[in-house]
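One structure is given here, and the rest of the page talks about it.
The structure displayed is predicted, hence computed values, not measured ones.
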Amino acid sequence: MAEFERHAASASRPERLATVLSGSYGLIQSLAVLIALAVAITLINPAFLSWVNITNLMAQMAPMLIVAAGMTVVMIAGEFDISIGSAVALTAAICAVVTTQYGGLAGVALSMVVGPAIGIINGLIVTKGKIPSFIATLGTMMMARSLAFVVTKGKVISGLPDSFTGFGGARLAGIPVSFVLAVGVFIIGWVLLTRSPFGKKVYAVGANHQVARLSGISVDAVKIAAFVLVGLTASIAGNVLLARIGAIQADTARGLEFEVIAAVVIGGTSLTGGHGNILRTIVGVFVIVLIRNFMNLARIDLFWQDFATGLIIIIAVLLDVLQKRIGARLATGARRAATSVSPANQMK
């Protein structure tokens, strides 16, 4: 009996090793890219590692970080939301217009409803209308962007009170408050996904929604909740962005959705759902921001930056596919190794 248990334990070791390697491959890949970028940028401009520059980067990436947390939840659930950039713009536009007339409290309170409302609409269209999320959110993206132009009347809205814009430049122990808020959002997201029944349902729905439904999970409710969450993060990000730049126009945050999706995939979240780690998304966001910073420091023409973003998305998708193939090969190798050391084979 003891010998059998010893063989069983040795057989399971390759499987455990394969699981660890396949699960960590995306993180290792992302960290390698992040370190390479940091080294390259430092060689171009040694001032990159200065505390002033680091805190500036923290403040710049805070809105993307916040939205990326919500996007991770949606993508783990097996869906996409490409309306978030427009939701950020519409949130900021409504907040700016209301704040200039009635004060910051009214502006924030009213604008925070925008993202969740768009999320509910997206969720209902996807679950009840049975329309693919990419198409559904493409429609709401265009609608929200149009509404942002209506609200701003195509003009730049500025003149916000210092009591509102002061948040954008506030520091806590030298760290931008907006970045601290973004980290707080990620902590809440991590707890939600890993320490709550809702998180388990999100993973189950993303892995196989039919099996999840047979298990008694309300698939539609989980997906709608995921869209509401990403909408909420879009509204938070819109207010943070407005407080930092102190002005807004309807074209703000155009293309943000694609950078966020790329960051989430670079962080290891699967495009097909059911797999992902919200904390790794932080690494993906850092990679995207550092690439932007690298292009600026290298004085690459601004018109090439969207080209680079598109290339990053393609590479991120290819890396996701490569990660799955490597994981499958490791699992196959582990099964073969486990079979070769099984008690039956040992007896032969």
For K223, is there an ion pair with D220 - N to carboxylate O distance below 4.0 angstrom? no
Are F307 and M295 joined in one hydrophobic group, where the rule is that I, L, V, M, F, W and Y side chains link up if heavy atoms are under 4.5 Å apart? yes
Out of curiosity, does L242 fall in the hydrophobic cluster containing L181 (side-chain heavy atoms, cut-off under 4.5 Å, transitive links)? yes
Short side-chain donor-acceptor distance under 3.5 Å, T137 and N122: no
Are side-chain heavy atoms of V97 and Q101 found at a separation under 4.5 Å? yes
Within the distance-only criterion (no hydrogens, no angle test), does the side chain of Q249 pair as donor or acceptor with the backbone N or O of K155 below 3.5 angstrom? no
So does A250 get a backbone contact from the side chain of R145, meaning a donor-acceptor N/O pair under 3.5 Å? yes
Counting only heavy atoms not in I44 (residues, nucleotides, ligands), do more than 12 fall under 6.0 Å from its CD1? yes
So, for A68 and T281, which heavy atoms are closest and what is the spacing to 0.1 Å? CB-CG2, 3.6 Å
N239 side chain to S111 side chain, donor-acceptor N/O pair below 3.5 angstrom: yes
Can any side-chain N or O of S83 pair as donor or acceptor with the backbone N or O of M141 at less than 3.5 Å? no
Whether the side chain of D301 engages the backbone of W304 through a donor-acceptor N/O pair (distance < 3.5 Å, no angle test) should be reported. no
Should we count CE of M143 as having more than 12 external heavy atoms under 6.0 Å? no
